[in-house]
Asks: 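So that we are looking at the same thing, I have put the structure below in structure tokens.
When reading the values below, keep in mind they use all heavy atoms of this one structure, side chains included, and skip hydrogens, waters and symmetry mates. So that the names make sense, note that chain A is the first sequence line, chain B the second, and so on, each numbered from 1.
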2 protein chains.
Amino acid sequence: MSAFDVNKMTPLSEAARRPARAQSPCQACTVRHLTVCAPLNDQEVQEVAAISQNVEMSPGDPLFDEGERASQVYNVTAGTMKVYKLLSDGRRQVTGFLFPGDFLGLANNDTYAYSAEAVTHATLCRFPRAKLDKLLERYPKMEKRLLSIASHELAVAQEQMLLLGRKTAKEKIASFLLTLSERAESRGQTGNPVSVPMSRTDIGDYLGLTTETVSRTFTNLRGGGTIALRNGGKVEILDVDALHDVAQGD
Amino acid sequence: MSAFDVNKMTPLSEAARRPARAQSPCQACTVRHLTVCAPLNDQEVQEVAAISQNVEMSPGDPLFDEGERASQVYNVTAGTMKVYKLLSDGRRQVTGFLFPGDFLGLANNDTYAYSAEAVTHATLCRFPRAKLDKLLERYPKMEKRLLSIASHELAVAQEQMLLLGRKTAKEKIASFLLTLSERAESRGQTGNPVSVPMSRTDIGDYLGLTTETVSRTFTNLRGGGTIALRNGGKVEILDVDALHDVAQGD
DNA sequence: TAGCTGCCTTGATGTACGTCAACCTAACTG
DNA sequence: CAGTTAGGTTGACGTACATCAAGGCAGCTA
């Protein structure tokens with residue numbers, strides 16, 4: 001184990017504390033996500049799986065804080081996580097929500113650039129960075145895969161900058177719902193009705209709004225017949241075209 | 001030459017149109033930027049330099065547009081570039097300014113995710129993507145370098161999201177000036193007074209403000225004795241500590 | 001069933017920043 | 001040198017969203 005142990009500051013389940021090396025359930029995620037664009041052979045997959053451990057989180061559990069030594073890399077296998085940055089006075093910007101298949105802590109420098117926390121119950125696959133780096137040395141195609149992931153995240157971040165800097169509250173919410181829906185479908189889940197597992201506060205901190213404005217805007221879209229709010233944090237998109245129009249501002 | 005030729009839609013100087021392969025001045029940039037974290041030997045440097053061409057831009061010249069086939073990668077060798085995204089009604093978000101040493105067009109998918117344009121006279125080093133990819137296959141350490149660059153850009157993007165979503169106009173301007181100053185110093189230029197080569201409109205589109213608000217905020221900071229506006233688009237930071245305090249919101 | 005507690009909604013009011021418009025200056029141009 | 005143009009600044013006014021405040025409603029616990 002490395003000097004930094006995530007268990008020290010995060011309440012994890014017993015399952016997570018056990019060094020689940022041998023029968024690590026993370027083989028699934030490794031195979032699925034690291035190999036999509038860079039297929040590894042069985043032996044390589046085994047090697048990657050061997051260095052991973054399972055982590056379980058409850059809603060609100062912190063995974064790591066901005067500025068901490070970034071000794072672990074994570075892959076979300078179930079549930080929803082959020083990453084955010086804080087100003088000294090407590091203002092918060094959620095920079096992203098993470099769903100199964102997404103990576104966490106890929107920063108190149110040795111400290112995390114943001115804090116990470118569970119939104120729902122979630123399970124993660126944890127890789128010690130040092131060991132992962134060693135594997136990357138041997139398998140350049142995995143590195144290529146990581147570069148591809150980072151590039152994609154960068155494009156997503158730029159889209160979010162456009163949203164934060166130039167869109168109205170209504171456009172922000174519409175864009176947010178459409179993105180959530182598309183991401184759900186790309187994971188093979190249902191995109192309509194779309195599951196919205198995070199609180200109004202989290203949505204506001206993601207879109208640069210207050211909870212009140214988020215709430216009012218949902219109400220507004222509902223009143224216009226564009227969406228309907230269902231039980232269990234689900235939003236049904238009644239008029240996809242209209243929602244797209246709203247998101248683009250026309 | 002590839003099917004897509006940047007010359008077709010961008011007014012470039014005669015020097016840029018010439019296939020300056022043999023005596024490409026881009027050796028300098030290649031050596032400097034691609035090798036900082038992944039030193040190449042002389043032969044490797046030659047190979048990289050061999051596939052590069054020099055490009056010159058005048059203020060306002062477009063380099064490429066969002067959605068175009070991304071067949072080229074660029075490295076800025078002199079001057080300032082900007083990259084931006086547009087909404088259908090013309091609202092604009094500048095997602096970044098690029099200075100010597102910065103890369104452009106590193107997106108993994110085959111179209112550019114943003115448009116790029118010259119802010120000042122600028123020179124760029126152009127690499128055909130296909131050839132660069134081939135080199136990357138052979139030299140994994142270059143790929144590592146690119147991953148490191150992408151990760152750093154991602155961290156910068158997240159910081160910008162915090163700014164766009166949660167900072168006031170005054171905090172935005174103060175943060176902007178400090179960042180410009182730090183970047184100038186990291187390039188070996190003078191950080192104070194700092195050169196601010198872009199227009200108020202560009203600054204506004206970068207910070208999610210209007211030109212009027214940018215102008216008023218500069219005036220406000222000047223009135224408070226924190227900065228002074230000098231000739232030639234230079235800003236002198238009179239009280240660095242105060243500017244830091246403003247940027248953080250305390 | 002009552003009493004919490006956390007999240008959401010809704011209303012009344014405030015304000016930071018946008019919008020509209022005038023003017024100023026510097027750099028071109030004939 | 002007058003005329004023109006493109007930034008930049010400043011002022012008056014409007015508004016989208018924040019702030020402050022009061023309920024509503026589900027999910028706990030006793």
Side-chain angles (χ1 to χ4, degrees), chain A residues 58-60 80 82 87 89-94 117-121 163-174 176 196-224 227-235 246 249, chain B residues 58-60 80 82 87 89-94 117 119-121 163-174 176 195-224 227-235 246 249:
Chain A
S58 295
T80 306
K82 67 184 173 201
L87 289 173
D89 62 1
R91 277 175 289 173
R92 202 170 61 125
Q93 179 66 40
V94 171
E117 196 178 305
V119 171
T120 65
H121 268 281
L163 178 149
L164 288 169
R166 289 305 183 205
K167 289 192 180 178
T168 65
K170 205 168 172 182
E171 290 162 4
K172 285 175 177 179
I173 295 286
F176 173 66
V196 182
M198 61 292 286
S199 70
R200 297 287 185 263
T201 305
D202 284 343
I203 298 174
D205 284 346
Y206 180 58
L207 301 177
L209 302 169
T210 59
T211 61
E212 293 94 331
T213 299
V214 171
S215 183
R216 275 188 252 270
T217 308
F218 271 113
T219 304
N220 181 328
L221 286 171
R222 181 165 43 113
I227 63 170
L229 305 179
R230 304 294 183 214
N231 282 338
K234 294 229 181 293
V235 174
V246 172
Chain B
S58 295
T80 306
K82 67 184 173 203
L87 288 174
D89 62 0
R91 278 175 289 173
R92 201 170 62 125
Q93 179 65 40
V94 171
E117 195 178 304
V119 171
T120 64
H121 268 281
L163 178 149
L164 288 169
R166 288 306 183 205
K167 290 191 181 179
T168 66
K170 205 168 171 182
E171 290 162 3
K172 285 175 175 179
I173 295 286
F176 173 66
S195 169
V196 181
M198 62 292 288
S199 70
R200 296 289 184 260
T201 303
D202 284 343
I203 297 173
D205 284 346
Y206 180 59
L207 302 177
L209 301 170
T210 59
T211 61
E212 293 94 332
T213 299
V214 171
S215 184
R216 275 188 252 271
T217 308
F218 271 113
T219 305
N220 181 328
L221 286 170
R222 180 165 44 113
I227 63 170
L229 305 179
R230 304 293 182 213
N231 282 339
K234 293 229 181 293
V235 174
V246 172

Asks: Using the side-chain heavy atoms of Leu209(B), tell me which of these nucleotides is nearest: dC17(C), dA18(D), dT9(C).
Replies: dC17(C)

Asks: For Asp202(A) and dG6(C), give me the distance from atom CG to atom C1', rounded to whole Å.
Replies: 13 Å

Asks: Might you list the N or O atoms of the protein lying below 3.5 Å from N or O atoms in nucleotides 14-16 of chain C, with each pair's distance?
Replies:
none

Asks: Reckon Leu229(B) touches a base, only the sugar-phosphate, or nothing at all at heavy-atom distances under 4.0 Å?
Replies: sugar-phosphate

Asks: If I take atom NZ in residue Lys172(A) and atom C1' in nucleotide dA16(D), what distance separates them, rounded to the nearest angstrom?
Replies: 11 Å

Asks: Answer whether the closest heavy-atom distance between the side chains of Ile173(A) and Ile203(A) falls below 4.5 Å.
Replies: yes

Asks: What integer distance in Å separates Ile203(A):CD1 from dA18(D):P?
Replies: 14 Å

Asks: Give the rounded distance in Å between these two atoms: CZ of Arg200(A) and P of dC8(C).
Replies: 5 Å

Asks: Identify the two heavy atoms, one from Thr80(B) and one from Pro197(B), that lie closest to each other, and give their separation to 0.1 Å.
Replies: OG1-CG, 3.6 Å

Asks: Check salt bridge (Lys or Arg N to Asp or Glu O under 4.0 Å) between Arg216(B) and all other residues, then give those that pass, not counting sequence neighbours.
Replies: none

Asks: To check you understand the geometry: which heavy-atom pair defines the closest contact between Ala174(B) and Val246(B), and what is its length?
Replies: CB-CG1, 3.6 Å

Asks: Mind calculating the distance between CG (Asp89(A)) and C1' (dT19(D)) to the nearest angstrom?
Replies: 15 Å

Asks: Could you tell me how far apart Leu221(A) (CG) and dT9(C) (P) are, to the nearest whole angstrom?
Replies: 12 Å

Asks: Scan residues 212-220 of chain A against DNA chain C and write down, sorted by residue number, each residue with any heavy atom closer than 4.0 Å; if none is found, say none.
Replies: Glu212(A), Ser215(A), Arg216(A), Thr219(A)

Asks: Counting any heavy atom closer than 4.0 Å, what does Gly208(A) reach on the DNA or RNA strands: base, sugar-phosphate only, or nothing?
Replies: sugar-phosphate

Asks: Pick out which of Arg92(B), Lys82(B), Arg91(B) makes a side-chain hydrogen bond (donor to acceptor under 3.5 Å, both in side chains) with Asp205(B).
Replies: Arg92(B)

Asks: Return the value, rounded to whole Å, for the distance between atom CZ of Arg166(A) and atom C1' of dC17(D).
Replies: 16 Å

Asks: Look at Thr210(A) and dA18(D) and indicate whether a side-chain polar atom (N or O) is within less than 4.0 Å of OP1 or OP2.
Replies: yes

Asks: Rounded to the nearest Å, what distance is computed from the CD1 atom of residue Ile173(B) to the P atom of nucleotide dT9(D)?
Replies: 10 Å

Asks: What I'd like to find out is whether the side chain of Phe218(A) reaches to under 4.5 Å of the side chain of Arg200(A), using heavy atoms alone.
Replies: yes

